[in-house]
Amino acid sequence: MNIDEQLWDLIVIGGGINGAGIAADAASRGLKVLLCEKNDLASATSSNSSKLIHGGLRYLEHYEFKLVRKALKEREVLLENAPHIMWPLRFYLPHRPHLRPAWMIRIGLFLYDHLSQRKRLAGSKFVHFGADSPLKPFFKKGFEYSDGWVDDSRLVVLNAQQAHIHGAEILPRHKCIKARHDGQHWFVELENQIKQSLRCVKSKVVVNAAGPWVEDLFIESFDKKPPRKIRLVKGSHIVVPKLHDQSQAYILQNQDKRIVFVLPFEDDFSLIGTTDVDYQGDPGDVEIEQSEIDYLIKISNEHFIHQISEQDIVHCFSGVRPLMDDESDDAQSVTRDYTLHLEDSVNMPPLLSVFGGKITTYRKLAEAAVDKIAGFFGQIKPCQTRALPLPGGNFSDPKTLLETLQSEYPWLPAVILKRYVRSYGQLSRQILAGCQSIDDMGIAFNPVLYQVEVDYLIEHEWVSCAEDLLWRRTKTGLLLNAGEVVYLRGYVLQKLINKQYY
Ligand SMILES: Cc1cc2nc3c(=O)[nH]c(=O)nc-3n(C[C@H](O)[C@H](O)[C@H](O)COP(=O)(O)OP(=O)(O)OC[C@H]3O[C@@H](n4cnc5c(N)ncnc54)[C@H](O)[C@@H]3O)c2cc1C
């Protein structure tokens with residue numbers, strides 16, 4: 001097999017949030033970066049999270065103060081850099097004195113408010129649930145506090161775009177099948193998962209950011225024993241028509257000491273999750289079990305007046321947390337922090353591996369990862385990402401941006417414009433370039449999905465099938481009917497054939 005001429009500084013294996021974040025950090029410091037992902041960007045854990053940029057109130061019970069502080073700090077950084085895909089969310093915590101006493105929650109919330117400085121997020125307070133509460137009348141009081149919501153899969157794609165803007169090559173649907181070295185450089189064999197063709201790329205350093213596959217990659221591609229162990233913990237969510245009209249989320253306490261979120265989702269839905277179940281199989285095969293569906297429905301029905309059943313579920317998804325194995329007894333107690341393992345010796349080029357992590361702390365993880373390997377590249381810039389808006393995120397107030405775009409495109413239905421602002425921010429203008437009326441937007445696959453957006457996503461966001469677009473670049477999968485999906489699939493396929501992608 002021919003080996004590419006180009007010598008990369010860094011090859012990142014894995015296009016989840018950690019791989020994409022590391023690629024963005026490294027490329028913005030001037031390194032030559034290639035990222036490969038065997039499937040779609042964010043196709044594994046990083047699109048199946050609860051989508052919270054949160055300190056993790058519950059981790060305080062496990063004395064994870066350092067992790068909570070780090071995560072709380074990141075909420076403010078991400079709100080600055082990605083105001084389109086991330087926003088503050090208020091949470092109601094109904095009080096159940098037999099599960100956690102009020103004094104304990106008050107102390108927890110005090111710490112949550114004060115462990116890190118807050119600029120954009122309001123503090124916590126005690127609340128009485130009035131007659132308009134969607135909760136059962138039994139729940140009379142509780143607490144209210146702030147955290148952040150993020151579109152997890154778009155966060156990954158925007159980090160990949162950030163890396164690309166800074167010169168990185170991004171290769172979704174390229175699986176690393178072998179990695180060997182000659183003592184100086186890595187030679188990484190990539191298999192194009194669509195054309196089945198092979199390509200060999202070389203670099204000075206490799207990062208293993210394969211998430212739940214981090215150990216498998218060591219064994220199968222590097223022919224090495226993994227230096228650490230991870231514990232796979234499955235979590236599932238269900239999506240139902242919205243349970244209430246409030247903008248707040250709910251955090252529900254369960255008898256088993258776990259907590260479950262009920263989150264406002266895509267205007268018309270509620271997202272309910274998550275479970276915590278040890279998982280043994282292939283992370284790619286993960287799916288929700290009946291017992292998890294029953295568990296989530298039960299806890300929702302215990303709290304809300306509006307009762308749901310399995311028939312109300314419009315969508316569900318599951319993911320596997322690749323947690324560092326700290327030998328905790330139960331899955332929910334395993335640490336959510338991360339470790340970076342660097343292997344370098346005189347006879348081997350550096351190999352950095354990521355174990356664990358959270359969406360919330362991905363930027364800090366990426367900064368620490370690149371700091372750890374910076375010495376191998378001579379003089380490189382310090383981390384740039386702290387004050388570097390993600391693509392489309394160079395504005396401060398979504399409401400003002402929405403109003404500005406409304407005046408620029410008065411003919412565009414509000415529901416589409418709102419979704420564009422929340423997905424693409426300032427880049428909405430790039431999608432709408434040249435459009436002066438709705439007729440200029442091309443084919444209407446559905447009243448909210450037009451050809452200009454589909455073309456943009458194929459051209460600029462590495463969409464390689466309709467599912468990438470329906471579930472990860474957008475959540476329009478919740479809105480299109482079966483016929484519309486078939487039509488979209490045909491269009492995307494033809495477009496990619498024309499581009500000789502297939
Ligand atoms: C149910 C659930 C809820 C969660 N909720 C939250 C939350 O609310 N907030 C939060 O901060 N965190 C949350 N998390 C944690 C967070 O989602 C994960 O920590 C994070 O997504 C892990 O990212 P990753 O990049 O390490 O892994 P992944 O996203 O899984 O990415 C790894 C990638 O590597 C690719 N890959 C594997 N092998 C190869 C190969 N040989 N070649 C090329 N590519 C390869 C895979 O296809 C995959 O896309 C949650 C996790 C779960 C499961």
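Order of listing sets the numbers, starting from 1, for every ligand and every atom in it.
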Enumerated ligand 1 atoms positioned under 4.0 Å from heavy atoms of Asn48: 1 (C), 2 (C)

Note the single closest protein heavy atom to atom 6 (C) of ligand 1, along with its residue, its atom name and the distance in Å. Ser49 CB, 3.6 Å

Look at atom 19 (O) of ligand 1 and say which protein heavy atom is nearest, naming residue and atom and giving the distance to 0.1 Å. Gly357 O, 2.8 Å

Would you mind listing which atoms of ligand 1 come within a distance below 4.0 Å of any non-hydrogen atom of Leu217? 40 (C), 41 (N)

Are Pro212 and ligand 1 in contact, using a heavy-atom cut-off of under 4.0 Å? yes

Apply side-chain contact (heavy atoms from CB on, under 4.5 Å) to Phe143 and Phe91, showing your working. CA-CA 8 Å; Phe143 302 86; Phe91 283 76; over 6 Å; no

Looking just at side-chain N and O atoms, do Arg419 and Thr474 make a donor-acceptor pair shorter than 3.5 Å? no

Aromatic rings Trp462 and His164: how do their planes relate, parallel, tilted or perpendicular, breaks at 30° and 60°? perpendicular

Per-atom filter on ligand 1: closer than 4.0 angstrom to a heavy atom of Thr274 are 1 (C)

Which residue owns the protein heavy atom closest to atom 48 (C) of ligand 1, what's the atom, and how far is it? Glu37 OE1, 3.4 Å

Tell me whether the rings of Phe187 and His185 are parallel (<30°), tilted (30 to 60°) or perpendicular (>60°). perpendicular

For atom 29 (O) of ligand 1, what's the nearest protein heavy atom and its distance? Ser46 OG, 2.5 Å

Considering non-hydrogen atoms of the protein only, which is the closest contact for atom 16 (C) of ligand 1, and what is the distance? Ile359 CG1, 3.6 Å

I'd like to check whether Ile17 has a polar contact with ligand 1, where a contact means an N/O of the residue lying under 3.5 Å from an N/O of the ligand. yes

Do ligand 1 and Asn18 have nitrogen or oxygen atoms that lie under 3.5 Å from each other? yes

Mind checking whether His174 has a heavy atom under 4.0 Å from ligand 1? yes

What I want to check is whether the side chains of Glu169 and Gln6 have a donor and an acceptor closer together than 3.5 Å. no

Hey, does Ala42 come in under 3.5 Å of ligand 1, counting only N/O atoms on both sides? no

Distance-only N or O hit between ligand 1 and Ser236, under 3.5 Å: no

Does the plane of the ring in Tyr145 sit parallel, tilted or perpendicular to the ring in Tyr112? Use 30° and 60° as the thresholds. perpendicular

With heavy atoms of Gly235 as the reference, note each atom of ligand 1 found under 4.0 Å away. 1 (C)

Are any of the side-chain heavy atoms of Ile313 and Ile297 separated by less than 4.5 Å? yes

Going by atom types alone, do Asp152 and Ser46 pair a side-chain donor with an acceptor below 3.5 Å? no

Looking at ligand 1, is there an atom of it that comes within less than 4.0 Å of some heavy atom belonging to Glu220? no

Those atoms of ligand 1 less than 4.0 Å from some heavy atom in Lys51: 8 (O)

Do the side chains of Cys176 and Leu217 get nearer than 4.5 Å, heavy atoms only? yes

Phe355 vs Phe218 aromatic rings, parallel, tilted or perpendicular, using cut-offs 30° and 60°? parallel

Which residue pairs satisfy the salt bridge (Lys or Arg N to Asp or Glu O under 4.0 Å) criterion with at least one member in residues 213-225, sequence neighbours excluded? Lys224-Glu343

Atom indices of ligand 1 within 4.0 angstrom of His237 heavy atoms, with elements: 1 (C)

Has ligand 1 got any nitrogen or oxygen that is less than 3.5 angstrom from a nitrogen or oxygen of Thr45? yes

Within the 3.5 Å criterion, strictly below it, is a donor on Asn18 or Tyr338 matched to an acceptor on the partner's side chain? no

Measure from atom 15 (C) of ligand 1 to every heavy atom in Lys178, Lys358, Glu74, His54 and give the option owning the shortest one. Lys358

Among protein heavy atoms, which lies nearest atom 5 (N) of ligand 1, and at what distance? Ser50 N, 3.0 Å

Aromatic ring proximity, centroids under 6.0 angstrom, Trp186 and Phe222: yes

So which protein heavy atom does atom 43 (C) of ligand 1 come closest to, and at what separation? Lys38 N, 3.2 Å

Subset of ligand 1 atoms that lie under 4.0 Å from at least one heavy atom of Ala209: 32 (C), 34 (O)

Sub-4.5 Å side-chain heavy-atom contact between Lys204 and Gln184: no

Please test Leu34 against Lys202 for side-chain contact (heavy atoms from CB on, under 4.5 Å), starting from the C-alpha separation and ending with a verdict. CA-CA 10 Å; Leu34 180 145; Lys202 64 173 188 275; over 6 Å; no

Could you tell me, atom by atom, which parts of ligand 1 come under 4.0 Å of a heavy atom of Ile13? 40 (C), 42 (N), 43 (C)

closest protein heavy atom to atom 8 (O) of ligand 1 is Leu52 N, 3.1 Å

